[in-house]
Amino acid sequence: MCGIIGYVGKTDATPILLDGLQRLEYRGYDSSGLAVMNGGNRIDLRKCQGRLDNLRKLVGSRPVAGNCGLSHTRWATHGAPTDENAHPHLDQSGKLALVHNGVIENYQPLRKRLESEGHTFVSQTDSEVLAHLIGKHYEENTEGTAEMRLVHAVRASLGLIAGTYGIVAMHADAPGFLVGARLGSPLVVGLGKGENFLASDVGAIVAHTSDAIYLRDRDLVYLTQNDFKIETVEGGSSAFEVSHVDYTAEQAERGDYPHFMLKEIFEQPETVANAFRGRLSDDEASAKLGGLNLTPRELRDVERIVLVGCGTASHAAMVGEYLIESLARIPTEVETASEFRYRNPPLDKHTLIFVLSQSGETIDTLAALREGQRKGHRVLGIVNSVGSTIARESDGGSYLHCGPEIGVAATKSFTSQVTLLTLLALLLGRMRHLSMGEGQEILREIRALPEKIESILQQSEAIRQIALKYIDAPGMLFLGRQFNYPSALEGALKMKEISYIFASGHASAELKHGIIALVSKTLPSVFVAPRDSVFEKNVSTIEEVKARKGPVIAVTTEGSTEIESVADDVIYIPDTHECLTPILSVIPLQLLSYHFAVARGCDVDKPRNLAKSVTVE
Ligand code: G6P
């Protein structure tokens with residue numbers, strides 16, 4: 001949540017900061033701002049509420065220039081999205097600028113104390129308090145160079161706060177010098193030639209460098225255009241390594257697509273293939289997941305699995321529960337990360353925990369990972385962002401390799417997560433009861449997925465026409481059973497997230513236990529009903545909705561034309577192994593919500609109130 005980019009180098013910082021913010025906008029977009037040091041012992045600040053375009057206009061009308069600066073795109077936590085609450089924040093002297101991600105829990109007593117000492121605040125944010133605190137420590141310690149005074153002031157101030165932070169600070173007395181630190185909010189150092197960067201996400205800097213250092217919690221970094229130093233916040237030494245970023249700036253661009261979300265939906269033939277590429281073993285009719293760091297013996301000893309995630313990742317985890325239980329017969333549970341971290345579920349030593357996260361930075365998922373490890377469990381990650389905190393802290397795992405996902409509503413990460421969970425279930429299953437023949441069949445069907453996804457994508461226009469038909473719907477129900485119950489939940493989540501209509505997902509048979517009271521002529525129900533073991537049951541439920549005049553959109557398997565006599569609209573997906581149907585059935589739901597939201601004039605890539613990477617509780 002919230003995006004930061006800082007730059008120090010030889011060229012004008014402003015375009016670099018604005019471009020970086022553009023790439024980080026998915027992290028928050030209710031206000032933005034930048035501060036630039038012009039070398040003349042002055043900091044120029046521009047910030048305003050609203051989208052980044054507002055900041056561009058502001059900077060266009062009141063330009064700033066300088067080779068060192070910092071900037072921020074905000075997702076409001078403390079204080080409404082106003083000009084004053086936008087970052088950067090200045091200290092009392094106006095010579096120190098700070099951008100901050102995270103939450104300072106004790107900001108109120110700190111603010112009171114500073115006010116009693118004569119500080120005046122212009123915003124309601126917790127972050128401004130930290131700017132003043134650092135400024136105060138800077139003024140109080142007059143020993144040493146301005147640069148080291150700033151470093152000491154940051155250290156002293158961070159020692160007084162409770163909460164989380166990813167920060168970048170600079171002081172007008174120390175031109176060409178940035179200080180950053182992190183605890184709980186990501187911060188990456190980008191190493192260029194004669195220029196260096198700090199950012200919340202490598203996506204902001206890949207246009208300039210592929211060499212990055214992912215800071216750890218409690219790391220503090222200070223940098224000039226040619227040099228950097230990483231220590232702990234407390235002043236100790238900190239080990240780091242330089243990683244090579246494996247994606248290009250182009251991958252994080254929209255290309256010819258009107259929205260990132262559509263681009264990412266259309267990438268799925270390739271991203272699903274990336275998830276299984278090199279991981280299928282024909283000889284053993286199984287999968288190879290070397291990154292799990294577990295011996296066959298250890299894998300055979302697993303008696304229970306817990307899958308943890310938030311949002312879309314938790315829906316993928318639910319598919320995982322069906323997959324692992326049916327293919328490997330290992331009792332599996334899904335825990336929402338925010339619940340898991342505060343519950344105290346009894347887990348015995350043969351329990352394996354998986355955390356699922358696209359960003360690898362979701363705070364609740366990270367906390368769940370740490371809680372699991374604290375109790376002595378091995379916690380593995382299924383993560384997309386290479387080098388992210390969850391990827392680094394987990395005891396092993398697998399990367400999705402689906403490339404940067406920028407659209408706030410997750411799409412390709414879901415199908416990649418489910419693909420990986422299928423491989424996991426296959427691997428565990430083949431060590432237990434799953435036959436060679438069934439393993440081979442699943443492998444065949446996995447390989448066929450990209451082509452099948454492609455054929456669904458070709459129906460995009462037909463799905464758009466269906467969306468237009470229901471454009472005035474006040475809400476939508478999504479229903480599915482077994483493997484496709486999580487698909488229904490995910491379909492409802494997509495619809496809510498980007499079109500702002502009320503949508504809810506249910507196990508189809510639950511309809512009779514309450515939801516049917518909602519059915520009316522104006523409320524469409526979307527049934528995910530492929531030809532599987534519960535197909536007939538789903539058809540009966542559709543009849544029940546139709547008997548009450550509820551419009552029905554059905555997603556079913558090619559050839560199941562009998563459903564046309566009950567449903568108003570039918571979307572066909574190719575036939576596949578029952579356990580793989582969610583990977584196909586979710587795609588029409590993604591397209592339906594996309595077209596529906598676009599037709600209603602919603603900003604699908606940046607839905608209101610949401611952020612892609614939720615790094616605060
Ligand atoms: C946010 C996003 C969702 C995402 C969830 C988990 O709520 O808006 O799209 O599914 O976080 O994110 P993660 O990065 O951990 O998969």
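We number each residue from 1, following the sequence as shown. Indexing begins at 1, ligand by ligand and atom by atom, following the structure's order.
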_Would Arg608 and Tyr500 count as a cation-pi pair here, with the cationic atom under 6.0 angstrom from the ring centre and within 45° of the axis?_
yes
*Please state whether Leu610 comes within less than 4.0 angstrom of ligand 1, counting heavy atoms only.*
no
*Say you draw a straight line from CZ of Phe266 to CD1 of Ile587; how long is it, rounded to the nearest 0.5 Å?*
10.0 Å
*Would you please indicate yes or no on a ring centroid separation below 6.0 angstrom for His208 and Phe197?*
yes
*Taking the minimum heavy-atom distance to atom 13 (P) of ligand 1, which of Thr411, Thr365, Thr362 ranks first?*
Thr362
*Considering only the protein, which heavy-atom contact is closest to atom 9 (O) of ligand 1, and what is its distance?*
Val408 O, 3.3 Å
_Main-chain N/O of Ala337 paired to Asp364 side chain as donor or acceptor, under 3.5 Å_ = no
*Which ligand 1 atoms does Ser359 reach within 4.0 Å, using its non-hydrogen atoms?*
13 (P), 14 (O), 15 (O)
*asked:* Can you confirm, on distance only, whether ligand 1 has an N/O atom lying under 3.5 Å from any N/O atom belonging to Gly360?
replied: no
*Which residue and non-hydrogen atom of the protein lie closest to atom 7 (O) of ligand 1, and at what distance in Å?*
Val614 CG2, 3.9 Å
_Derivation and outcome, salt bridge (charged side-chain N to carboxylate O under 4.0 Å, His left out), residues Arg23 and Glu253_ = CA-CA 9 Å; Arg23 295 174 189 278; Glu253 274 159 20; 2.9 Å; yes
*asked:* Suppose we call two aromatic rings close when their centres sit under 6.0 Å apart. Are His259 and Tyr594 close by that rule?
replied: yes
*Considering the heavy atoms of Gln358, write down every atom of ligand 1 situated less than 4.0 Å from one of them.*
13 (P), 14 (O), 15 (O), 16 (O)
_For the 3.5 Å polar cut-off, considering only N or O atoms, please tell me whether Gln417 and ligand 1 meet it._
no
*Quick one: look up the protein heavy atom nearest atom 6 (C) of ligand 1 and list residue, atom name and how far away it is.*
Cys310 O, 3.3 Å
_Give me the residue, atom name and distance of the protein heavy atom closest to atom 8 (O) of ligand 1._
Ala611 O, 3.2 Å
_Identity and separation of the nearest protein heavy atom to atom 4 (C) of ligand 1_ = Thr312 N, 4.2 Å
*Tell me: protein heavy atom nearest atom 3 (C) of ligand 1, and distance?*
Glu497 OE2, 4.2 Å
_Under 4.0 Å to a heavy atom of Ser357 - the qualifying atoms of ligand 1, by number_ = 13 (P), 14 (O), 15 (O), 16 (O)
_Give me the nearest non-hydrogen protein atom to atom 2 (C) of ligand 1 as residue plus atom name, then the distance to 0.1 Å._
Lys612 O, 3.5 Å
*Could you walk me through whether Lys452 and Glu445 pass salt bridge (charged side-chain N to carboxylate O under 4.0 Å, His left out), step by step?*
CA-CA 10 Å; Lys452 292 183 179 180; Glu445 288 299 338; 2.9 Å; yes
*Is the backbone of Val386 close enough, under 3.5 Å, to the side chain of Tyr214 for a donor and an acceptor to pair up by distance?*
yes
_Quick check on Glu461: does its CD atom have over 12 non-hydrogen neighbours (other residues, nucleotides or ligands) under 6.0 Å away?_
yes
*asked:* Evaluate Glu267 against Lys412 for salt bridge (charged side-chain N to carboxylate O under 4.0 Å, His left out), listing each step before the verdict.
replied: CA-CA 7 Å; Glu267 280 173 352; Lys412 60 178 178 175; 2.6 Å; yes
*Counting from 1, what ligand 1 atoms have a heavy atom of Ala410 closer than 4.0 Å?*
9 (O)
